[in-house]
Amino acid sequence: MHTAALKAERPASAADTPMLSLSGVSKSFPGVRALHNVSLSLYPGQVTALIGENGAGKSTLVKILTGIYQPDEGEIRIGGDTVKLPTADAAFRHGITAIHQETVLFDDLSVAENIFLGHAPRNRFGLIDWRTMRANAREVLETMGAGHIDADARLRDLGIANKHLVAVARAMSIDARIVIMDEPTAALSAKEIEELFELIEFLKSDGKAILFISHKFDEIYRIADRYTVFRDGEMVGEGLLADKPQNEIVRMMVGRAVDHIFPERQPKIGATILSVSGLSHPTEFDGIGFELRQGEILGFYGLVGAGRSEVMQAIAGMTRTSAGSIALDGAPIAPKSAAEAIEAGIVYVPEERGRQGVVIGLPIFQNVSLPSLDRTSKSGLLRLAEEFSLARTYTERLDLRASSLSQDVGTLSGGNQQKVVIAKWLATEPKVIILDEPTKGIDIGSKAAVHGFMAELVAQRLSVIMVSSELPEILGMSDRVIVMREGRIAAVFDNKGLDAETLVRAAAGIAA
Amino acid sequence: ESTKIALVVKSLGNGFFDAANKGAQEAAKELGDVEVIYTGPTAATAEGQIEIVNSLIAQNVNAIAISANDPDALVPVLKKAMDRGITVISWDSGVAPEGRQMHLNPSDTDLIGETIIKLAADYLPEGGDVAILSASSTATNQNAWIEAAKKVLPEKFPKINLVATVYGDDDSVKSTNEAKGLIASHPDLKAIIAPTTVGVVAAAQVVTDQNLIGKVNVTGLALPSEFKQFIDNGASQAVALWNPIDLGYSAVYLAHGIATGKAKAEPGARLSIGKVGEVTLDDTNSAAMAPPFQFDKSNIEEFSKIY
Amino acid sequence: MSALAKNRELWLVAAIALLVAVITLRFPAFARPQNLAAVFNDTSILMILALGQMAVILTRSIDLSMASNLALTGMIVALTNANFPGIPIPLIILEAMAIGAALGAFNGMLVWKLGIPAIVVTLGTLTIFRGATFVVAGGTWVNADRMSPAFIALQRGEFLGLPVLSWFAIVAIIAFYLVMTRTPVGRSIYAVGVNPSAAVYAGIDVGRAKFIAFCISGMVAGLCGYLWVSRYVIAATEVANGYELNIIAACVIGGVSIAGGIGSVGGAVLGALFLGIISTALPVINISPFWQMAISGTAILAAVILNARSERKQGRIILKKAEAA
Amino acid sequence: MSAIETSAAPRRIPDRLDTPLKGAVLSWEALLIAVAVAIFVINSLASPYFLNAWSLSDLTFNFTEKGLIALAMALLIISGEIDLSVAAIIALASTMMGMALQAGADTPMLVAIGIGTGLLCGAFNGLLVTGLGLPSIVVTIGTMSLFRGVAFIILGDQAFKGYPASFAFFGQGYVWWVVSFELTLFLAAALVYWFVLHRTSFGRRVFAIGNNPVAAQFSGVREARVKFILFCLTGLMAGVASVLITSRLGSTRPSIAQGYELEVITMVVLGGVSILGGAGSIVGVVLAALIMGMVTFGFGLLNVPGIVMSIFIGLLLILVIALPIIWRRLFGRRPA
Ligand SMILES: Nc1ncnc2c1ncn2[C@@H]1O[C@H](COP(=O)(O)OP(=O)(O)OP(=O)(O)O)[C@@H](O)[C@H]1O
Ligand SMILES: Nc1ncnc2c1ncn2[C@@H]1O[C@H](COP(=O)(O)OP(=O)(O)OP(=O)(O)O)[C@@H](O)[C@H]1O
Ligand SMILES: [Mg+2]
Ligand SMILES: [Mg+2]
């Protein structure tokens, strides 16, 4: 039955009436307006690319379409009827299937079951028919060109790329009319991407409506028929891709003169403060070597999953390395925990704010003072006055918006949480600060504050490593840029007349 | 002001003690102006009894009559009770002498020891292997009886061979497992002696379930009402017990006597226990109420209606 | 490593075989089929209970109230039987399962609708149910002479050479196997434990799955309430006191992960058997029963350490050469 | 949100909002105080024997030992772990003291051995949990059997008794009039634990770990070390409790303190400590200990069977936790 999804039976019809259309959809999270009055149409037999910067609201829209989130307002129409999608199940039943950005699968279940959980084939007693399920799973994988994946294997034993293929297979196993793919290629190799594109072509010819999200323009131009651009939660343009050059779309995406929001600064670069050489990890990165100079902002660019976070976490003591050395101010260091790195003067502002950054449940001032407790307390005894003044100093410099320092950080907006996180590490008075996606998912105003503050930091002779996947940010802030690809350094550039295309090519491994 | 006597038992919800309570209430009625507080912990632990004794002290009861879960652990709190002027006696399962004024054994320890062996031997003219399934390994009374039984074995019952002593903790499951273990590890076992009302039922049930009626005889101390069916089906020939109603009656009677000063607990004293008769205290201030009474096919029907 | 993970049950079988072999060395009759059948029969109730507990643990919850539920349900059905000996036993069994399930549903509702952690809810109902046992019985107990012969006899009867009690266990094992592996409900219980947020994406109501698991564990505890009182022919307040930890221990030894999502019917059954063999064999081979506790404690620790090794999370791999290797 | 404006003069953020009385009134501790007062009043009305210095003193014995363990357990649970083996540690520590007694140890030696055994047991738990990364609930179910099992192996059906008279002071002695040594120790320990949890950087780290172990680690908190210390502390307190109980009973059996672990945890949870970690206070735990002591003692005075009180405690546990949730559902504001 599901295999029908993969056999072209109907001829592709170039229908002009959308199969799915969305209008006036808004969605807010505490402190963040993720979507505002957006619209979107998907047409049968066509691929629509959804384009937008990080945090533009793409994934939020996907979650609304798959019944995970409920929109605050707006309307969803499928084939002309207005529908409600209160649960993931309801979305399935309306023929919507999705490959989500994060692989939301079950590590301890088999591949076959991951593909068919919730719609497994049953025998005539109503019991799940494992034999058929396995056979079907093999067939789906086979059709996708992922026949090398064992349907009986436990998902946990698969690499990330194969996990992603399973997620694709799960989406394909549902006999859906509408297929959504949120950055499906992020974790795939070139060959696998090729196979995925074949599959998409096939789905197109089968008359499915496809929503395709990617940050890679070569992919978008290769596979998509239409585009829709989101910027900061709003729909700013849509149309046929064929008559739209890339630079116009980029302008729509970014939507503002980039140099306006980035602070002007006159870098005063000093001597080398941090030098890393030959840093390797058994599975994550290899032979990483670079130098960071005083008063410098060193940008790390790469596609999501290039391994930048892992390198930074190794430098900050969170990850063990297998080889290589780190020297700070000329003295070799080998931090074995975050505590040791902080003591040495290297701090890491993590990427996953919710999980690694803020301690929700504790008030703002306690979050800020956490890494500096040894300084604010006296022989182990807390001194609240010290903590408050420390917290005030740094949060006010970052222009934090909060009603009091005793407020639970969990009640702050994402951008303000990020400010607390940055304040917390700044309060340790580091020599080197590593910011991993410092403005991920925060609003424009907060972004400007963070960028302004970064400029202030380097002006005070601090050294900054900034990991970012946002081209404007990399270009607007860095003195030098290191591009990483698949766990290795792919290129190093001086940020003088550097253009986005060069970086993208280096990151994707396309020869200039 | 009426005399308040607390009857503290090992645990509530136990048939034997409920019967004792019946006797205690009878004694209260007979003595007049006596209030009996029947209480005990839910699980048979010393800690639970200590909490209860503490609250009894606070209530200013006149006397505490306790069947103890542990002979030693209760001593400090009972001493405290005596310091506050409360009469303390133990009955059924005793407390170390420093923790009470007197102890009432249901029966003479040596006599019980001999009786439990005799119950088995009577039906084993050829002799053979027997094993003991006791209650908890810390139970004072059971241990004393087993000691006494072992003493009489060589001279009076030379043909009886005691092969094992195991403990079922007065827990049905554990007793069942232990009884099965005995049967499995001693193929020639002729009798299981369980000087505990919980263990004896468990053992008889095992013998019944494993179709060993006629091969293994279960005997020991049993409440007739609980045990009747096993006499009827032949899993057991005969068991013994004293009258728990009389025991509760006597405990309250003695506690009342000492608390009101009518009697004095000292070695050699002869104390009245009303309709049950009279006891004499030995040099540890212990006394025995009555010889154990045997139940078999001829009389179990009648007694099972009483207790 | 992964082979070991896959063969958790095989490891247990090997451990049990070794255990039986060691016991047989000291006591040859132990390995006789009749005796092994008897051990199985003795362990039946623990096996059934462990299966119910497994369903709950799989959803990242825990049911500490099972033993109390068993005591309460056992008491109610014993009282029913004592007062209305005419009610046929199959009805009594249904009553037991219904009462047990209702008690389980009470736990489940608190977990589902109020979001109170399962350990807190069942810590509370652990004492409530046992207290209620005392109250419904009016502080007394029900013993053999108040139970009808059929009530006691049913599980002792034989069918195809095995006691009916063993058949209860066998049917429960088969039923659990089918439910846990072959029905959407069973699979959703696993899915919720493996990854609750992914379960939401797959259209599963996480709270409802937990509720169902609690109903299952309650129903099973109720059934065992009847089996227990008719087996030991006594219904009293302290029945199965503290047994909840044995049940959880059986699950843990059987490889059910306390973090949810991992565990199998075979594992839970073998874990129960392992404990059952220890408790029945020690008296037989003349090892002081005082060793029993320390042995099962060691077995639990060994099982956790082994399982943790096979569950070690495997990270994502970026370097292509590392993934190929 | 407002537009891009880099405000020259940053606005001042107040340290805290004017502490609203409402917050204090609706706090968990306030709820517990109300419950405690209510039970006190009910007890006084229901039994003429309750309001009496000696009664109130006897009452404290119902909770001091468990309460001592609950103090350390509260910290452990706040950090996101749990220890089910505390009662077994009591048994093993008591057994070790008994063995030492046989070998002729004097009172200070006995105390040292009891506390030392507890500490070692706690360290063993801590090592398994933090060293091997095992879930504490399972580890301590295992060590619970192991520790008590060892006590059973050593003692079997025997008992150790004959502790020296000076040893009796810990569980039976009075410091002043009706104030027992146990109560004094409990109050002193409560003060120490309150101080450690709420006034030291160690306590702050405990909260941080319980709320978000990953972020705490990233912030330089040595999670494993803190948790290891907490397991040691819990073991240590179980050792202290073992000294008290052994002294109070004057003897050692392997079955000593059976089932205490669940009562201790009930106390901690009733005291408002989140079983999921990250929240709780020592004041709450002390109040919960007091409440449990008053409930059991009060019912005892009325000669209500212990099992009936346990229904009450179970209901109290669920209600006290459920009511605020239901309250929020009915009248609740949406989270900000
Ligand atoms: N559950 C949530 N709670 C709070 N804020 C959220 C939540 N989910 C998303 N957001 C916020 O909504 C905004 C849009 O996020 P979304 O994930 O939709 O972006 P995206 O366009 O998919 O970005 P990316 O390209 O990085 O995947 C961001 O500011 C994000 O922080
Ligand atoms: N073990 C894993 N299993 C599955 N997915 C993973 C795993 N680890 C990371 N990912 C996913 O891979 C993606 C990239 O991870 P990560 O952010 O660590 O890489 P990166 O090179 O540091 O990229 P960036 O910092 O630019 O986001 C994320 O979407 C993350 O969810
Ligand atoms: Mg996204
Ligand atoms: Mg990253």
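Lettering follows sequence order; numbering is per chain, from 1.
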Answer with side chain, backbone, both or neither: which region of [X] has an atom nearer than 4.5 Å to a non-hydrogen atom of chain C?
X	answer
A:Phe92	side chain
A:Ile68	side chain
A:Asn114	neither
A:His119	neither

Max heavy-atom pair count under 4.5 Å with chain A, selected residue of C:Gly203, C:Gly193, C:Gly186, C:Gly261 =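 Maximum pair count with chain A is reached by C:Gly203.
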
Nearest heavy atoms of [X] and [Y], plus distance in Å:
X	Y	result
A:Ala88	C:Tyr201	CB-O, 3.3 Å
A:Asp129	C:Arg182	CA-NH2, 4.3 Å
C:Tyr190	A:Leu109	CB-CD2, 4.2 Å

Are more than 12 heavy atoms from other residues, nucleotides or ligands located less than 6.0 Å from atom CZ of A:Arg131?
->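 No.
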
Taking atom OH of C:Tyr177 as the centre, report whether more than 12 heavy atoms of other residues, nucleotides or ligands fall under 6.0 Å from it.
->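 No, not enclosed.
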
Chain A heavy atoms under 4.5 Å from C:Ser197: which part of the residue, side chain, backbone, both or neither?
->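 The answer is neither part of C:Ser197.
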
Top residue by heavy-atom pair count (under 4.5 Å) with chain C, among A:Leu105, A:Thr66, A:Asn123?
->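 With the most close heavy-atom pairs to chain C, the winner is A:Leu105.
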
Indicate yes or no: at least one non-hydrogen side-chain atom of C:Leu178 is less than 4.5 angstrom from one of A:Leu127.
->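 A side-chain contact exists here, since the closest heavy-atom pair is under 4.5 Å.
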
Just wondering, do C:Ile204 and A:Leu117 contact through their side chains at under 4.5 Å, heavy atoms?
->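 Yes, close enough: below the 4.5 Å cut-off.
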
Got a second to check how far C:Thr181's OG1 is from A:Ile128's CD1, nearest 0.5 Å?
->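 Here the interatomic distance stands at 7.5 Å.
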
